[in-house]
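Letters A, B, ... are given to chains in the order of the sequence lines, protein chains preceding strands, and every chain is numbered from 1. All figures in this text were calculated on a predicted structure; none of them were measured in a lab.
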Amino acid sequence: MDFRRLIISVTLAWLTVFVFLPHMLLVGTSFMSPDADHLVVWPTTLANFEKVFTPVYFTVFWHSLELAAIATLVCLLVAYPFAWLLSGFKQRTQAILLFLLILPFWTNSLIRTYAIKIILGKKGLINSALVSMGILDEPVQLLYTEFAVIFGLVYLLLPFMVLPLYSSFDKMDTSLLEAGKDLGANALQRFRHIILPLTMPGIISGCLIVFLPAMGMFYIADLLGGAKNLLLGNVVKNLFLVARDWPMGAAFSVIMMLMMALLLLMYAQANKLVSKKGGLNDENL
Amino acid sequence: MKTSDHSGYQGSAIKKLGSVLFISAVLAYLYAPIAVLVVNSFNSSKYGHSWRGFTWKWYEKLLNNGNLMDAFWHSLTIGLLAATLATMLGTFMAYALYRYKFALKKATSGLLFVVMMSPDIVLAITFLVIFMALGIHLGFWSLLIAHLTFCLPFVVITVYARLNGFDGNLIEAARDLGASETRTFFSVVVPMSMPAIISGWLLSFTLSLDDVIVSSFVTGPGYEILPIRVFSMVRVGVSPEVNALATGLLIFSVALVVLAQLILKKGKSQ
C-alpha cells in the first residue's frame with residue numbers, strides 16, 4: 001500500500017470508528033427505550049425528549065442553563081477588557097501575559113477546583129481577608145452556594161474566553177478607529193459601531209467555548225455546589241453511571257449538541273457580517 | 001497647547017496604570033488559589049487556616065500513598081502515550097488534508113471540528129457508548145483511545161497551519177529529485193513542521209493531564225488515574241497530600257514548558 005493511501009485510510013478509519021459512529025450511536029440511543037439489564041432496548045420512542053420537559057428534569061436543566069449563562073456573562077465582562085488592554089501592550093509583554101494566563105492549566109482542573117474549595121471555606125482566604133479588612137463582621141457561607149459554582153466556573157473557563165477575544169483585538173485594524181475619530185465619532189460611537197462589531201466573532205466563539213462546557217462540569221457542582229446547585233453534567237453522569245438510564249442521558253446530550261449547532265450558526269453569521277463585501281473586514285476594501 | 005499635551009500625557013499614564021492594575025487583579029485571581037495550595041503543601045497545619053511552621057510531611061505522605069502515586073504514574077503514562085500517538089496520527093492527518101485530494105475530505109475536517117467543539121461531557125458519552133458497543137474493556141485502552149482522539153484536532157490544526165505557511169514547492173522539489181512520498185514526508189515535511197509538532201505534543205499532553213470529564217466516564221476499576229483518585233480524596237474532606245501533588249505537578253509542567261521553549265529556540269536559531 002502506498003503512503004498516500006495508507007495515511008488517508010488511517011485518517012478515515014479512525015475518525016469513522018471513534019467519532020462518527022459514536023455520535024450516531026448516541027443520537028440513536030436517545031430514541032430508544034431504557035432497560036436495566038441491556039441498557040438500551042427497542043422500541044424507538046420520543047419519550048426521552050418529552051421527559052426533559054417534565055418538572056423533575058426541567059427544573060435542573062433550567063437552573064443549569066442559568067448558572068452557565070451567568071458564568072459566561074461574568075467571563076465575558078472580565079475577559080473583554082482584559083483582552084482589549086492586553087492587545088495594547090508591547091509584543092513581548094503580550095506573550096508573557098498570555099503565557100501567565102494559560103500556565104494554571106498545567107495543573108489538573110480538579111485540583112484547581114479543590115483549591116477554590118479551600119479558599120471559599122469559612123476560614124478560607126476570602127472570608128478571612130474580608131473579616132480582617134472589616135468588611136464582614138463574621139465569615140459568611142460561600143461554599144455550597146450558587147456563588148461558589150459560578151466562581152469555580154469562571155475560574156476554570158476565563159482563559160478560554162480571553163483567547164478568542166484577544167485574537168479579535170489583535171487582528172483589529174486600529175486605523176479604522178482613527179478614521180472614526182476623524183469623522184467625528186465619539187468614544188461610545190466608535191465602540192458601538194467599530195470595536196463591538198469587529199470583535200463580535202471573538203465574543204461569540206468565546207461564549208461558545210465557555211457556555212456549553214460550563215454546563216458539563218459536574219465536578220465543580222460536586223465539590224462547590226452542594227445538592228441544590230447541580231449542573232447538567234451531574235444529571236447526565238448520574239443517568240449514565242448510576243441510574244443507568246442511557247436513553248434519557250443520551251437525550252440530554254443530543255439537546256446539548258443541538259445547542260452547539262445553534263451557537264455555531266450564530267458564529268458563522270457574525271463572521272459573515274464582519275468579512276462580507278463592503279463589510280468591516282472586507283479584504284478588497 | 002503645552003498644557004493640553006501635558007494633560008494628555010497624564011491621561012495616558014493613568015490609563016496605563018489602570019490597565020496594569022486590572023490585568024494584575026485578574027492574574028491574582030487566577031493564581032491566588034494555586035498559591036494557597038503551594039503554601040499549604042509546606043504548612044504543618046492540616047487544614048491550612050493558619051501557618052503552623054514548615055514541614056515536608058505532606059510530601060512524605062504523598063510518596064507513601066501507594067494508590068495516589070499509582071494513579072499519578074498511570075496519568076503520566078496515558079498522557080505521554082496519548083500525546084505521542086495523537087501527534088503522530090494528527091501529523092499524518094494534517095498532511096493528508098494539506099497535500100491530497102480524497103473523497104470525504106470535507107467530512108474529515110468536519111469531524112475533527114466536531115471533536116474540538118463538542119463539550120467534554122458529550123464526547124465522554126460518545127466514547128462510553130462506542131466502547132460498550134465494540135466490547136472494549138474500560139481501563140487502560142479505553143482511556144488511551146479517548147485521550148488520543150480528543151487531542152487529535154489540536155495537533156491537526158497546529159501542524160496544518162505550519163504546513164500552509166511554508167513553500168509547497170519544496171515538497172515538489174523533493175519529489176522531482178526522486179524522493180518517494182514516504183521519504184519526502186519523513187525527510188522534508190516532518191523536519192520543517194517540527195516546531196508545530198512539538199507544540200501539538202505539548203498541547204496534547206496538557207489536555208490529557210487536565211482532563212477530568214472524559215476520564216470519569218471511560219475509566220475502569222483496573223486502571224485508576226489521577227482525577228478519579230483525587231476526586232474521591234477531596235470530595236469528603238481535606239487532603240494535604242493533594243496540595244503536595246499539585247505543587248509537584250506545577251513544577252513538573254513549568255519545567256517541561258521551559259524545556260520545550262529551549263528546544264524550539266534552538267531549532268529556530270539553526
Side-chain angles (χ1 to χ4, degrees), chain A residues 2-4 7-8 10-12 14-15 18-23 25-26 29 39 78 81-82 85-86 88 97 100-101 103-112 114-119 123 125 155 158 208 212-213 215-219 222-223 233 236-237 240 249-250 253 256-257 260 264, chain B residues 19 22-23 26-27 30-34 36-37 40 47-49 89 92-93 95-96 100 102 104 108 111-112 114-115 117-122 125-130 132-133 145 149 180-182 185 206 209-210 212-213 216-217 226-227 230-231 234-235 242 245-246 249-250 253-254 257:
Chain A
D2 65 66
F3 183 72
R4 173 179 181 276
I7 66 172
I8 291 173
V10 169
T11 298
L12 290 177
W14 191 276
L15 292 177
F18 294 115
V19 182
F20 179 71
L21 267 179
H23 278 84
L25 278 174
L26 182 63
T29 305
L39 297 173
V78 177
F82 187 89
L85 295 172
L86 189 64
L97 289 172
L100 285 176
L101 185 75
L103 183 63
F105 279 79
W106 282 298
T107 4
N108 185 279
S109 45
L110 184 64
I111 294 182
R112 280 179 287 141
Y114 167 66
I116 302 271
K117 188 178 166 179
I118 303 284
I119 67 162
K123 291 180 175 171
L125 189 67
Y155 182 74
L158 183 67
L208 180 74
L212 288 176
M215 289 207 295
M217 297 184 126
F218 58 81
Y219 53 99
D222 272 339
L223 290 179
V236 172
K237 188 180 174 219
F240 268 90
S253 314
M256 283 185 95
M257 281 151 83
M260 178 176 81
L264 282 174
Chain B
S19 65
F22 182 78
I23 287 191
V26 172
L27 289 176
L30 289 177
Y31 282 89
I34 297 176
V36 168
L37 284 193
N40 276 342
Y47 295 96
H49 300 319
L89 193 55
F92 282 134
M93 285 185 183
Y95 188 62
Y100 304 126
F102 53 96
L104 299 173
T108 302
L111 285 175
L112 286 166
V114 166
V115 177
M117 296 310 285
S118 281
D120 283 354
I121 188 101
V122 174
I125 291 162
T126 61
F127 288 132
L128 179 65
V129 169
I130 195 71
M132 285 298 174
I145 293 172
T149 307
S180 65
E181 280 288 312
T182 321
F185 178 77
T206 312
L209 277 193
D210 190 51
V212 180
I213 296 177
S216 304
F217 279 81
L226 216 45
V230 170
F231 195 59
V234 300
R235 203 172 179 180
V242 174
L245 178 72
L249 272 177
L250 200 67
S253 324
V254 173
V257 174

Most contacts with chain A, counted as non-hydrogen pairs under 4.5 angstrom, among [options]:
options	result
B/Leu226, B/Leu27, B/Ile23	B/Ile23
B/Val114, B/Leu249, B/Ile145, B/Val230	B/Ile145
B/Asp210, B/Ile121, B/Ile130	B/Asp210
B/Leu245, B/Thr108, B/Val26, B/Leu30	B/Leu30
B/Ile34, B/Leu111, B/Val129, B/Ile125	B/Ile125

(request) Would you confirm whether the ring centroid of B/Phe185 sits within less than 6.0 angstrom of the ring centroid of A/Phe3? (result) yes

Report yes if the side chains of [X] and [Y] come closer than 4.5 Å at any heavy-atom pair, otherwise no.
X	Y	answer
A/Pro81	B/Phe22	yes
B/Val234	A/Lys117	no
B/Pro119	A/Met260	yes
A/Asn108	B/Leu209	no

(message) Over 60° means perpendicular and under 30° means parallel, so tell me whether A/Phe218 and B/Phe217 are parallel, tilted or perpendicular.
(response) perpendicular

(request) Could you pull out all residues at least two apart from B/Tyr95 that satisfy side chain to side chain donor-acceptor pair (under 3.5 Å)? (result) B/Arg99

About how many Å separate [atom2] of [Y] and [atom1] of [X], when rounded to the nearest 0.5 Å?
X	Y	atom1	atom2	answer
B/Phe231	A/Asp222	CZ	CG	4.0 Å
A/His23	B/Ser118	NE2	OG	4.0 Å
A/Ser109	B/Ile213	OG	CD1	7.5 Å
B/Leu104	A/Thr11	CG	OG1	11.5 Å

(message) Need one label for B/Ala133: side chain, backbone, both or neither, based on atoms under 4.5 Å from any heavy atom in chain A.
(response) side chain

(message) Taking side chain as everything from C-beta outward and backbone as N, CA, C, O, which of these in B/Leu37 sits under 4.5 Å from a heavy atom of chain A? Side chain, backbone, both or neither.
(response) side chain

(request) Keeping the roles fixed (side chain from A/Lys237, backbone from B/Ser216), state whether a donor-acceptor pair exists under 3.5 Å. (result) no

(message) Can a donor-acceptor pair be found, under 3.5 Å and without considering hydrogens, that links the side chain of B/Tyr31 to the backbone of A/Leu100?
(response) yes

Let me know if [X] has heavy atoms under 4.5 Å from chain B in its side chain, its backbone, both or neither.
X	answer
A/Leu103	both
A/Met215	neither
A/Tyr114	side chain

(request) Kindly indicate, with the supporting measurements, whether the criterion side-chain contact (heavy atoms from CB on, under 4.5 Å) is fulfilled by B/Met117 and A/Leu264. (result) CA-CA 9 Å; B/Met117 296 310 285; A/Leu264 282 174; 4.2 Å; yes

Picking from [options], which has the most non-hydrogen pairs under 4.5 angstrom with chain B?
options	answer
A/Leu125, A/Ile116, A/Val10, A/Leu212	A/Leu212
A/Ile119, A/Leu26, A/Leu110, A/Leu101	A/Leu110
A/Val78, A/Leu21, A/Leu208	A/Val78

(message) If you apply the rule side-chain contact (heavy atoms from CB on, under 4.5 Å), what do you find for A/Leu25 with B/Thr126, and how did you get there?
(response) CA-CA 8 Å; A/Leu25 278 174; B/Thr126 61; over 6 Å; no

(request) Quick one: do A/Asp2 and B/Glu181 satisfy side-chain contact (heavy atoms from CB on, under 4.5 Å)? Show the steps, please. (result) CA-CA 8 Å; A/Asp2 65 66; B/Glu181 280 288 312; over 6 Å; no

(request) Might you work through the side-chain contact (heavy atoms from CB on, under 4.5 Å) test for A/Phe18 and B/Val115, ending with a clear yes or no? (result) CA-CA 10 Å; A/Phe18 294 115; B/Val115 177; over 6 Å; no

(message) If the test is side-chain contact (heavy atoms from CB on, under 4.5 Å), which one of A/Leu15, A/Ile7, A/Ile8, A/Leu12 qualifies with B/Met93?
(response) A/Leu15

